[in-house]
Structures are given as C-alpha cells and as structure tokens.
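I have placed the structure first, in the form of structure tokens, so that the comments after it can refer back to it.
Proteins get letters first, then strands, A, B, ... in listed order; numbering begins at 1 in each. Bear in mind that the values here come from a model prediction, so they are computed numbers and not experimental data.
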Amino acid sequence: MPQRHIVYLHREHPGDMAQLPEYVKAGGYNGLMKALADMEPDDVLYQLHRSGVRGRGGAGFPMGRKASFLPKDSPRPAYVVCNADESEPGTFKDREIMEFNPFQLLEGIVLAGYAIGSNHGYIYIRGEYEHQARVLDRAIAQAYEGGYLGSGLLRSRFDFDITLYRGAGAYICGEETGLLDSLEGKRGQPRLKPPFPAVAGLYASPTLINNVETLTTVPVIVAKGADWYATLGTEKSTGTKVFSVSGHVMKPGNYEIVMGDTSLRELLYDICGGFRPGHDFKACWIGGSSVPVLTAEHVDTRLDYESCETAGTYLGSAGCIVMDDSGCIVRSSLRLAHFYRHESCGKCTPCREGTMWMEKVLQRIVDGEGRMEDLELLESIMGRISGRVLCALADGAVAPIESALRLFRDDFVHAVEHGSPAREPMAPMGA
Amino acid sequence: MSRAAALAGFRVTFSTMLRKPEVIGYPERKTPVFPRFRGRHRLWTHENGLEKCVGCSLCVAACPADCIRVVAEENTPERRVSAGERFAHIYEINMLRCIFCGYCELACPFDAITLEAEYEMSERERHAEIYTKEMLLAPHPKPVPVRAEEPDAE
Amino acid sequence: MSDYAPVNLSAPDQIEFELNRRRLAAPAGTMLVDAAYAHGVEVPVFCYEPRLGGPIGACRMCLVHVEGMRGLQTACSTQVQPDMVVRSDTDEVRDAHDGVLELLLANHPLDCPVCDKGGECPLQDRTFKFGPGKTQFVEHKRHFPKPLDLSSLIALDRERCITCFRCVRFSQEVAEDGHLIMRERGGDSEIATFTGDHYTGRFTGNVIDLCPVGALTSVPYRFVARPWDIKNTPSVCGHCPVGCNLELTEHEGHVARVTGRPNPNYSVEEGWLCDKARFAYPEDRAPDRVRQPLIRDAAATREVAIEEAVEAAALLLGRDGPHAFLLGPGATVEEGFLAQELASGPCRGALVAQLGLGDAPALAGLRAAPAAQLDDIDRADLVVLVGGDPANQQPVVELRIRKAVRGGGRLVSAGPRRHPLSGLGPSYITPPGRLLDGVRAAGPAFRAARRPLVLWDEADLAHEPAAAAELAGLLGATRGARQLELGADVNGAGLSALGIPGAADLVAALEQGTITTLLTIHAQPAESAGAARWAEALGRVGAVVALASHGGGIADSAAVVLPAATHREQEGVYVSMAKRAQRLRPGAAPPGGAAPGWELLIALAHRLGAAPAYRSPAATFAAAAAARPALAGLSYDVIGELGALLHAAPPATTNGAVGGGGADGTGLPLVTTLRIFGDAAAHRSDALSGVRQGAEVVLGAGEAERRGLAGAAQVRLQSPHGACTLPLRVDPRCPDGAVHATLGVPGAGVERLLAVDRSPVRVEVTAA
C-alpha cells in the first residue's frame, strides 16, 4: 500500500496520541526543541520554503512563500491563525488530525509562530466540530501544563499562546479573510484584497493563516529537514496529502499518500476497495465539491497538483467525492447548487443572486419542468458569476456544475425531457 | 384640363348632392364614434372591487397639458382601496385643460385609466369641469355608441 | 447622493493613465471610479461611497478591464497607477454591467410605480443606462412583508434591498452607533437593528439618502410626492450654527422634504445631516404657524391685510422714540442690516440688539487664534473639546470628531457636562466656573500633537475668562494649533459681523420704561435666557410689533404681528460658527399672508418714509457688505453655492457684552444642557414626535442622596432670577457638584433661572 504517514502519525503509534505523554513518547516536540535550541526563526522559515510544502486547505499556495510575505518591520504584533473551519463538502481530513493527533498541530502552530516572530496563535474551528474542539481544548491545557505553551516555553525565551475559537457554522468562514472577520467578532464575509492577510490580517496586523494539515506538517519538516521532505512527491507537489474519500466506494475514509505516486484509479480501486458489484465509476469531484468534475476518462490521473490541473480540475482540499453509475449528476448538481446558495455570504451580487438562480433552474429541471433553453440559461448565469466576485466561493459553485453540464450534457438533456432519473427520492434539503 | 376630367373630379359631389340628406337627431341620437376615439377618461377597478390606480403619478408626468393632479395615500389593513401599497386619495382631471392625447393611458403601468367614447362634458360652472376620482370611476351618465368596426373607405 | 469622491485635477502630483483610449491624469491615490467620473466617464457603482470609508467591493457593478490584470477589476478599489490602461467600454465590461444588473434585479420587485425612490433611483437610472433591457429570470422573486418601520422616521422595504451595505456601514463606521446590521446570510440577508428595536440616533435619516434603491425611505415623506412633481432648491440649515448645506424639496407650495445636497459641501457637513435638520420642516405647517397679519387691541385680535398691518406697525414706530429692535438668533444678515438701517434712519436712536450672546471680551483672544474649518477636524491628530456638547448642539461636528478619532486622532475633552463624545478619550468634568482646571488638565496633550485643533464652546467659555485666556495661551504656544468655535446661536456670527450687540442694554432700557415701541424680529425673548426678567421688562414697553413665523410667546401679545417666512422660505445670508457666509434660498413660498422678513422690513421703511434704495435681499446684502467691514468683499455671487469665508473680524461692541463675574445666588451651580430633539422646532415638527425629548433635572447619585432628593419625582429649582419645576432623574454617572437642567424645551421654563447674558447661576434644589 503506498500510504505514508506524516500528519497521520497516530495511525502508526499504538498509544493515544491525543495525550501529551504519548505524543512526546512518539517523538513529538522534537521539531520544536530542535528549532528553539539551534535554529533562528529565519532558518525555520527557510526550511519551510525549501520543503516546498503547499497549503492543504485548497488553494495550494506554497506555505514558505506565504510566510515570507509578512513584513518584518511591522509595529503591530504578528499572528498565526490556524484554519480549522473544515467545511468543504467531502473533506474530513482535519477532523482526524484534531481528534487523534492534536499535539502535532499545536507544535506546528508554535513553530510557525517562531518562524514569523509571532507570540499568539488562534485556532478557528468550525462550530460543528464540537468533540474535536473539546479534544483540542484539553490538548491546549495539557500543553500549557507541560510547558509546551505559554511564556518561556520549553525553558526557552520564546513565548507563545494559543486561543481556540469556535465558529458558528458558516462555510464562508473557511475563506481566510471571512475567517478573520468572524474571528474579530464581525459578520463573516470575505474582505477586499489587497491588503492580504500577510500584511493586514487579524486586527489589521500581519497574519499567517494556514490550514490544519499544513501546520501539522511543519514539525516533521523541521525535525527531519526540508530536504528529506522534498524527496517525497513530485517537484512541485512535495510531501504527502491526505485524501478524504467518500461516496460509492467500498472503503471510504482518510488516506495519506505520497503525492504523485498514486493514480486516481489506484486510490479508488486498490486503496478504497473499488465499487459495489455491478456498478462502476461515473464521476468524481477530487478536491472537495468546489472543483470541476472528473469522468471515467480521467481515472488514470496522478494525484498531485499538476496532474489534476492537466486533467482540468484542482486537487483542492483532496476531499474526493466518488459517484458510481447509480448516481444522478443532475441531482448532485442541484444538491451542490443548494449548498452554495445556502452558504453564500451575500456580499457580492453575482454570488448571492446567481447561486439562488442556479438552484431554482436546476430544481425545475429535476422536477421535470425544465426547458431546453434552461441549459443555455444556466451557462449564461454561471458566466456572469465566475471571475466577477471577491472570493472563491462562487467560482467553487460554478466549477462543478459548469463541468457537469459540459461533460454530462446528455444527462441534463434527459432530465429536461423526462425529469431526474434518480431511483430513489432525494432526501429533503434544509433551509 | 379636359371636361371629362373635371366631371370625374365632381363625381363624389354629384353622387352625394342627389342623395337624401342624413339628419341625426342629436342629442336624442348620437353619432357612433370610432373604436379608437379618445373621449372622456375612465378609472377602472379590479374584479374584487379594488382600484387599479395606485397613485403613482406617471400620468401626471406624461400629461402635456398638466391637467391631472394625484395625491397618494397609503393603504392600511382597515382601509384598502387599491391593490398596491398606495392609492390615489385625490385623482382629478381638469377637463378644460385636457387635450385628449391619451398619453395618460399610455403611461399607466396598471391599465387603470383609459380614454372612452364619451364626449359630452360641458358643464355650467368652470369648477365642475374638474372631474374627481369618484366621477371618473363611475360610468359616464351620457353614454355614446361605438361603431362596431372600421367603415369602408368609401 | 454624490457617489463619487471629488478629485482635484489641478493638484501637483498628477499621474497619467489611459481610459477608453484617452490619455488622462489624476492625483496619485485616486480610485479609478473617481478619476473616471472626474473626466466624465461614469463607471456605475452601488456599494461604493467614499464618505463611508474604504471600498468594500460588494456590488461588483464597477467592473472594468485593466490591461495586464487577469479578469475584470473593481474600479472602486483600484487606484490609478502610472500608465495604467483601463477600458470601461469593451464588450466584456458591458456584459459584466449587464450581468450584475440582471442579477440585482432578479430579486428586486417591480414596484417602481409605488416606490418613493422611483424617478430618482440610482438602480433605475443605471439599469436604463447600463442594464440588459430584459431579463431571463422567470422564477418567483423573494418576498418579505412590507414595509417595516425601522423607526418612526424610516420605513424599510426588505424586498427592494440590494445588500449594498451602505446603511450598515454608515451606522457602524460613521455614526458609530452600531445599531444597523445585516441579518441572515446570502439571499436571505436583510437589514435590521442589532437589538430588534427601532433605529434611533441623531443621524439616522442619512441612510435614506445613502440607499441606492427604495429600501429605506422617509416615513414623513412617504407617498407625498413623485420626483417629477417637486422642485429641489439648495439651501442651508437654520437650526444650529454649523450651517449644513442641504436641499429643500417643494411640493404643492410647501417644503415637503429636506435632504443632503447631491454635491455635498465637503468643508461643512460632508453631505450628512442630523435628524433635526432633516425632519424639522413640518414645523413650517405647524398649527401655531402665523399665516395672517394680526392687529391686536384692547377689544379684539383681528386678521388684517398685510398693508394694514405694516401701516399699523409704521404708526407705532413713527411715534417719538426711543424704539428698540430685538433680533432673534435665526434672523438673517439682511434682516439685521435692515433693522440697523431703520435705527439709523426713520427710527433714529433706536437700540438694536440680538438675543444671542453677542460679543464677549473674554473670547477675543481665542477668536484671534488661527481659525479652522470643519474639515480640518478630520485631519487633526489631537482634538481638544472645551465645554459644550456638540452631539446635541452642533450635531454634525460629532461625526467629524468621530472621523478624526477613527483616523487615529486623540480626543481630549473638558467641560461641565458628560456628553456622547466624552467616552472617546480622556474627559475632565469640571463644575461651572472651574473650567480652567479642565483646560489645564488637557494642556499636556498639546505637547505631543502636531496638528492640534481646539473646539471651544462659545456659551460655556463666555463666562470663563480664565479658561479662555489659558486656552488662548496654549493655542499661541503650540505650532500648527488651530481653533474652531462651537457657536451658540444660529446666525450669531452674522449678526455680530454687523456689529449688533447682545441684549443686556436693551433689556435694561425696557425696564426703565423708556422704550416706546419694541420690534422683535424672529425673537422670543420670554423663552430665552433671562425669561423672567424679559417678561417683566416687556410689561413696561409701550407697544410691541412682532415679526414672527410662529405663534406663542411674544406673538400672542404683540399689538401687531407681521407673519414672517421661516428660514426654509426666504432668501438671506447666515454666517456659520466657522465664519462661513452661506445663502439661504427659499424652498417654498411662505403660507397665507406671510412674507419674508426682509420684505416686511423694507415695506416698513417705505411706510416710515425712508425707502431704501434696494428692494431685494441680494441688494440689501450688497449694501450691508459695503457698509460693514466684516462683510467686505462678499456678495451673493461670491458666496455662491458653497459659501465664502468672512476675512475681517467683527467690530467690537461695547454695550451688552458678556463675560466676567462669578455665579449669582446660592446652592448648586447650574449646568444647562441642550438636547438635539428638545428645542421648539423639534417640538413643533410632527415628524419628530416619536423622538422628541423633554426637559428634566439630572443630579448625581451622591448629590441627590445628600439633599434627600433620591426619591423625589419632581424638583423645584430656584435661582436669583426665577424658578421652575421639572422632573428629576438621578444618574449615577452624572458628576456631583452641579445640577443639570435641560434648556430650550418649550414650556419647561429653565430659561427663567438664567440671567439675560447667560452668566453662571447657582440654584437651590428642593423637592416639589
């Protein structure tokens, strides 16, 4: 099995890694001790840079470069913010980290803080992760008790505090500036960029904001060295990536694999056990729901950033949603449209009104009341949304539906003519 | 000009002068007007009795003679006059000023006002020429027949 | 409203860029939308409003093509860069405009015929100009019950809202009341108040002007008129000495609405109006409005023709003098000058005085320091507020101070009362007569400041010579320090520029019984400071001619009442507290037989056989400018739309000047406060009935305890000048050592406690 555990170390360790002694026993905090003992902050920054690790939240922006954007001479304090608002449909990788390997995340946050000269970190965790928030809360308390957090941690002269903040259940707060607004106590809405968070983020101060998985990688990079890390994966997609596979496969779940080593086919058929007897692959949204859909012809795509882009999609958060031939692409599109309509923050006109409109049109098609011109109408609406909004939510709403309409046009035409061909009634959708 | 041509020119004259004169006993009998004749205004109500006019004053804006005055008020649950949020509390047309151009009818977004066939609007007092909303909502007391169709182009 | 920020195209540091193949220039830092607008290219906007702070890029209406940048850019958040190549006329941009408008209209109800905004609606206008013309939207629109009362002044129609956030940003970032919020998310977003209560505040009406659709409309103006049925006239507010520029809407012969100007005066009000300025106009049609001339004799009161009334007034003023002319704080420069002309002509020897403070020698030093305009407050790094309560007395100044503090400036305040701005910075509360302590406490703040600005209250400092001198000293010793007077009287500066003194000498002359006829011009002496003494003195005058717009007070007893136009109905010049001469323009004709004051005074001069050579307000003002050095160089043309500054100082007046002297009487020092919705105008306007404020006495908890008044509902205040009885409120936050009472509320009678020159008094407080 081509799985390799860097962020999912708890899977290789017999003890309960959510307890501080077990984490230390498993080699935890080696990275932080090494950094505090014989590395300057700039050395840590250089290691991150050199490792080539890219943001695991979805956009895939190199973390080292992001961290280097923070102004060194700002009179305001710098902050590290951990984006734990894991709300992307089909993505549940961060949940496992926070639940079973929380200390590696905390260590990563402290290391990132050390690298950028920050003394305060925030974890913004999505409201629905109640249990994970409790685990993190306990872990933070243990870390303070054990001297791994607080002033002069690990008997060094470095101070670092971490505050856990629970969101209230809004997808848009996973967008970094929406998250910052929400963290500041405002209505969670994306901000106009520039200024980017690196320059004016939380409380208008320099802020490094990264995903849970990204920050959890940091201790390993520091402990084992960037060069070792960079040997994993491809040139532009280094390291490992956790794939959250869900849908019509026999063994859905989180799988950490080395990037570029594995193809989608191997992931689905070998690692996840393939499909139910009598069914086969139909479609797959590989990077959460906000990416263009892949069809059977793309099943040999290698799982790394570049190959996904070549296939016409994005690796995104690697929340891989799989559908076999029993699924209805039109209904899935409606479900997605409903999700994005419900989660649009309402700031930008095209997203607020466009997602609502898309849902209404798709609903009509599914109900068997569609008109042939509705397909062109959908394309026209989507054309008026994408690229004309502040954040990626609307583009994420358009990508899967636009690609589905392009790649599965026959299904849509059939739905317009006969209604949705689903075999079972759709579960009722919430507000 | 030849004599024949001159006679041809008088064809209609000669053919008519020998006809028996047609006398219509006005005002007992009225000449029917053409369907597109623009006479006195009429305000309309919906079938449920609510007035179509919402007092938007677009007719006032369109009126080239400045002969319409509208004062709007808000509908309340206790007093609902029109189907919209507002209604015309005052709707007056000064018939002395009106030039019967029909722009008010064109401007109306709710088809609340139309120009009808009636043309007898002489009054004994000038101020009586200001027709109120109540007058305009009611059918005219002096109806005028309308021709069923366009006559031949004789 | 304005929508676009003014751009100074003649500033020195212009950078060149290209827009729609034209080579243009604009100052560095200018936003693309503003630069384009300044050069005559309209890039449509909805959420952009430079007065609300930085752009938010929400509506996506202003998308333009910028060469070298991926996708379309929002022109509201893009600054012009050297050699930037911008296109707002490509097919792609047009499609974006089309698309955003189609989406905006998808859920926007088509009820333009019943919408008050219809006809002057930016969404309507821009749909015509940039929109698709037809829609592909065939689904059901979003519906909400409508309309909702956001307050007694503002109606909210949530269906029409296009979620531009302007009102929310105004509430959060300009008025800083934190009241309005966007509730819910996405397509369900709706405007609401945070608490669910009514939206209350001093500036709420501005959201009506800001709303680019008909979602927020004025309740008093609801369904009153359509935009093609009205006439808008730019004028100036006459409710406080700030002199906010505004626009009067005339409909069917009266002022039916007041709004901010479409092109704000950035040196004065910046387009913001307080709710009193905006909603006091119904007072023009209040039941006590004087509509017809009256002649009153022992037998009866008769309504007469204007000629007869002027004749009767001329008879009274034609008798042997001396006569006296008393101008109210709202009298225009023209009315003041005409009164002076009468006094130097046919009524030779007549005393001319103003009810306002007039000249106070104690303030000469302060007034001599470098003066600032209101927009200088924005740029100050230190604002020192001495005395006063701008939030209630000069409301728009509050917004300027908040803006300065938002921008990083510090506010230090000292004075006898707590007020809504006290919490924005260190505040030193001193009892009356001890303001010097407060000024000294604020003194050290000057040292660190580079652009300090002192806002000082005329009424509070007039009787605190030591504090005024100390403050003048600080101003003189600090480089770059400037001062701005917080005036007490609407046109006090204008009347003082004419050399008209305060009323101390006039009231003394009345008391001696030597005055034959008193002509009051917009003056209500028995409802002003020293009311008790005025009432007494007025009993000794031979006859009173009242030129007044409203009944009550002197108009109910005068022998002749000349019905006058209000400041919304006449031409004239007001001089603001920042010494800016601005023109009043009549929004509508005065009702019934009423006429503008200048016209009545000229008619009076004619009857008295001294016809002036001028017959219009413009000519009257020209004569005043020629005769009074303080007005030199001014004319209606020079004043124009945005006003002109007075350059010369007003003449010193020797009689009637106030200042000096300690507090009269025994007991607690009296601190008077004014409330924005507590004056006669607010009480007359039925629009403001929901927010109007009454009078009360406020005592600190300790003081109330000490005097055994903690449980008293009503208290009686007794000063050497008079007494009044008012409800008592015990406020633990109110500083002890003084008693606070609300001035200006009609019928409350706090004015009776004061001396005519408003000098400090002490009062005995007893349970009533």
Side-chain angles (χ1 to χ4, degrees), chain A residues 168-173 178 181 186-195 200 339-364 369 371 373-374 376-391 393-395 397 431, chain C residues 46-48 53-63 69-74 76-79 92-93 95-108 123 132 135-142 161-165 168 172 178 181-191 194:
Chain A
Y171 177 62
I172 194 61
C173 292
D181 261 13
K186 299 176 190 155
R187 177 185 165 91
Q189 285 187 159
R191 299 175 182 170
L192 203 59
K193 289 183 268 190
F339 172 80
Y340 289 106
R341 196 274 291 155
H342 185 238
E343 294 295 347
S344 167
C345 78
K347 187 172 182 177
C348 300
T349 307
C351 174
R352 179 183 68 241
E353 306 292 345
T355 52
M356 175 263 333
W357 197 354
M358 275 160 63
E359 188 195 1
K360 285 188 170 176
V361 175
L362 282 164
Q363 181 73 60
R364 229 184 24 226
E369 289 158 20
R371 312 164 299 173
E373 59 262 37
D374 281 343
E376 279 75 51
L377 175 58
L378 267 179
E379 278 165 359
S380 150
I381 300 169
M382 291 189 287
R384 295 186 151 181
I385 299 175
S386 62
R388 294 179 184 172
V389 283
L390 264 175
C391 78
L393 187 145
D395 288 327
Chain C
F46 288 112
C47 69
Y48 182 63
I56 59 165
C59 72
R60 317 307 290 176
M61 192 62 218
C62 61
L63 294 170
M69 291 173 93
R70 201 154 50 101
L72 298 175
Q73 304 297 314
T74 46
C76 73
S77 64
T78 310
Q79 295 184 350
E92 188 191 14
V93 172
D95 179 63
H97 291 165
D98 248 35
V100 171
L101 275 165
E102 183 177 20
L103 289 164
L104 277 175
L105 292 171
N107 264 322
H108 190 82
L123 180 60
T135 181
Q136 311 169 71
F137 190 80
V138 294
E139 335 294 327
H140 286 289
K141 287 178 189 265
R142 176 181 55 148
C161 176
I162 57 165
T163 329
C164 72
F165 293 90
V168 174
Q172 304 285 344
I181 53 154
M182 189 67 80
R183 198 165 61 186
E184 299 297 335
R185 190 168 69 196
D188 300 323
S189 301
E190 60 179 73
I191 302 296
F194 188 75

- [ ] Count the heavy-atom pairs under 4.5 Å between each of A:Thr355, A:Ile381, A:Leu390, A:Ile172 and chain C, then report the option with the highest count.
- [x] A:Leu390
Task: Full working for side-chain hydrogen bond (donor to acceptor under 3.5 Å, both in side chains) between A:Arg187 and C:Ser189 - done: CA-CA 11 Å; A:Arg187 177 185 165 91; C:Ser189 301; 3.3 Å; yes
Open item on the list: Please classify the contact between A:Ser380 and chain C as side chain, backbone, both or neither, with a heavy-atom cut-off of under 4.5 Å.
Closed with: side chain
- [ ] Sort C:Gln172 into side chain, backbone, both or neither according to what part of it lies under 4.5 angstrom from a heavy atom of chain A.
- [x] neither
Open item on the list: Between C:Arg60 and A:Arg388 (side chain of the first, backbone of the second, donor and acceptor by atom type, cut-off under 3.5 Å), is there such a pair?
Closed with: yes
- [ ] Below 4.5 Å from any heavy atom of chain A, which atoms of C:Leu63 appear? Answer side chain, backbone, both or neither.
- [x] side chain
- [ ] Rounded to the nearest 0.5 Å, what's the gap from CD on A:Glu353 to CG on C:Leu105? Could you check?
- [x] 9.5 Å
TODO: Looking only at non-hydrogen atoms, find the nearest pair between C:Ser77 and A:Leu192 and report the distance.
DONE: CB-CD2, 3.2 Å
- [ ] Please look at A:Glu373 and chain C and tell me whether the side chain, the backbone, both or neither of the residue comes under 4.5 angstrom of a heavy atom of that chain.
- [x] neither
Task: Segment of A:Arg364 engaging chain C (4.5 angstrom heavy-atom cut-off) - done: side chain
Task: Under 4.5 Å from any heavy atom of chain A - which part of C:Phe137 - done: both
Task: Validation row: A:Arg341, C:Asp188 side chains within 4.5 angstrom (heavy atoms) - done: yes
Task: Heavy-atom proximity to chain A below 4.5 Å, by part of C:Asp95 - done: both
- [ ] Select one option (side chain, backbone, both, neither) describing which atoms of C:Met61 are under 4.5 Å from chain A's heavy atoms.
- [x] neither
- [ ] Taking all heavy atoms of C:Glu139 and all of A:Trp357, pick out the closest pair and write down the distance.
- [x] OE2-NE1, 3.8 Å
Task: Shortest non-hydrogen contact from A:Cys345 toward C:Arg185 - done: CA-CG, 3.8 Å
